[in-house]
Amino acid sequence: MKTTYFVSKILFYVTRFLSIVYFTLSLYSLLTLSTGWFLNFQDNGKYFQIYYPFTEHPLMLGDYNLPYIIFEFLSPLSLYGLFFLLISNVFKVFFQPKLFTQNGINHLRRFYLVNLFLPSIVIFLASIFVSLDNEVSIFIVLHFMLAIFAYFLAAIFKQGLNLQNEQDLFI
């Protein structure tokens, strides 16, 4: 059990850090694109470059049109920030003093619901405004599989919580 505790704690910090990085990049990109700070255009405004703050070194590149910026640039950055935040909460469950808690089940439920529905909804909306690559369907399948796995894990946790509550009442 100490290995699970140790690995889950490391994964919690790694995924929480990635969540902060993705959310920071999406907020910085939104700020840069809306204000023009640290922004450069190329090919007569066809492409944009977002620079590292206070430098002229490119951090991110993209096409300068609104559907691309919303659906292929800002959406993936912010949604993967959400993904890493939710999965870090799942990893946090595994190093708590009590493993089977309602809070842990709630974290798993949020994780599987978001991974089950949000990618499909966003991809559907994006396909209306921009042409998407065929590889995007791979991401939907991967998130769907993660959601199914988290669903089964949440069911196991719910059963564990019920057994734990029965045991507490019996003692």
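Because the structure is a prediction, the values reported are computed rather than measured. We count residues from 1, following the sequence as given.
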> Quick check for you: to the nearest 0.5 Å, what is the distance between Asn103 atom CG and Leu161 atom CG?
11.0 Å

> Just say parallel, tilted or perpendicular for the rings of Phe84 and Tyr80, cut-offs at 30° and 60°.
tilted

> So how far is it from Phe48 CZ to Thr32 OG1, rounded to the nearest 0.5 Å?
9.5 Å

> Could you walk me through whether His107 and Leu86 pass the side-chain contact (heavy atoms from CB on, under 4.5 Å) check?
CA-CA 7 Å; His107 285 306; Leu86 292 173; over 6 Å; no

> Step by step, would you call Leu25 with Leu59 a side-chain contact (heavy atoms from CB on, under 4.5 Å)?
CA-CA 10 Å; Leu25 283 174; Leu59 171 64; 3.8 Å; yes

> Give the minimum heavy-atom separation between Ala154 and Ile105, together with the two atoms involved.
O-CG1, 4.4 Å

> In the structure I gave you, are the side-chain heavy atoms of Val90 and Lys92 within less than 4.5 Å of one another anywhere?
no

> Between Tyr52 and Leu39, is there a shared hydrophobic cluster once you connect ILVMFWY residues whose side-chain heavy atoms come closer than 4.5 Å?
yes

> Does any part of the side chain of Ile50, heavy atoms only, come nearer than 4.5 Å to the side chain of Pro58, both counted from C-beta?
no

> Are Leu82 and Val14 linked, directly or through other ILVMFWY residues, by side chains that come within less than 4.5 angstrom of each other?
yes

> Consider only side-chain N and O atoms of Glu166 and Asn162, and report whether a donor and an acceptor are under 3.5 Å apart.
no

> Determine, using the 4.5 Å side-chain heavy-atom cutoff (strictly less than), whether Val7 and Leu99 are members of one ILVMFWY cluster.
yes

> Would you indicate whether Tyr151, at its atom OH, is surrounded by more than 12 heavy atoms from other residues, nucleotides or ligands within a distance under 6.0 Å?
no

> For Phe95 and Phe12, I'd like to know if the aromatic rings sit close, meaning centre-to-centre distance below 6.0 Å.
yes

> Taking a hydrophobic cluster as the set of Ile, Leu, Val, Met, Phe, Trp and Tyr residues connected by side-chain heavy atoms closer than 4.5 Å, whether directly or through intermediates, do Met145 and Ile87 fall within one such cluster?
no

> Before we go on, tell me: are the rings of Phe100 and Phe157 under 6.0 Å apart, centre to centre?
yes

> If you measure from CG on Leu146 to CG on Leu153, what distance do you get to the nearest 0.5 Å?
11.5 Å

> Taking everything shown except Phe144 itself, do over 12 heavy atoms lie less than 6.0 Å from its CZ?
no

> Can you hop from Leu61 to Leu74 via hydrophobic side chains spaced under 4.5 Å?
no

> What is the distance from atom CG of Asn165 to atom OG1 of Thr101, rounded to the nearest 0.5 Å?
10.5 Å

> May I have the step-by-step check of side-chain contact (heavy atoms from CB on, under 4.5 Å) for Asn65 and Lys46, ending in yes or no?
CA-CA 8 Å; Asn65 63 63; Lys46 188 175 179 183; over 6 Å; no

> Give me the atom names and distance for the closest heavy-atom approach of Ile70 to Ser75.
O-OG, 2.7 Å

> Please report the closest heavy-atom contact between Pro67 and Phe129, naming both atoms and the distance.
CB-O, 4.0 Å

> Check whether more than 12 heavy atoms from other residues, nucleotides or ligands sit under 6.0 Å from atom OH of Tyr64, and answer yes or no.
no

> Looking at every non-hydrogen atom in both residues, tell me the closest pair between Phe111 and Ala150 and how far apart they are.
CD2-CB, 3.5 Å

> What about Phe152 and Tyr112, are their ring centers closer than 6.0 Å?
no

> State whether a side-chain donor-acceptor pair under 3.5 Å links Tyr5 with Lys9.
yes

> Measuring from atom OG1 of Thr15 to atom OH of Tyr13, what distance do you get when rounded to the nearest 0.5 angstrom?
11.0 Å

> Phe54 and Phe38: aromatic ring centres closer than 6.0 Å?
yes

> So how far is it from Thr24 OG1 to Phe17 CZ, rounded to the nearest 0.5 Å?
9.0 Å

> Quick one: are Phe73 and Ser29 in side-chain contact, heavy atoms under 4.5 Å?
yes

> Would Val130 and Glu72 satisfy side-chain contact (heavy atoms from CB on, under 4.5 Å), going step by step from the backbone distance to the final call?
CA-CA 8 Å; Val130 294; Glu72 295 186 58; 3.4 Å; yes

> Kindly state whether the ring of Phe149 and the ring of His143 have centres lying under 6.0 angstrom apart.
no

> Examine distances only and state if a side-chain atom of Ser26 and a backbone atom of Tyr22 form a donor-acceptor pair shorter than 3.5 Å.
yes

> Do Asp63 and Tyr47 get their side chains close enough for a donor-acceptor pair, meaning under 3.5 Å?
no

> Are any side-chain N or O atoms of Asp133 and backbone N or O atoms of Val136, one a donor and one an acceptor, separated by less than 3.5 Å?
no

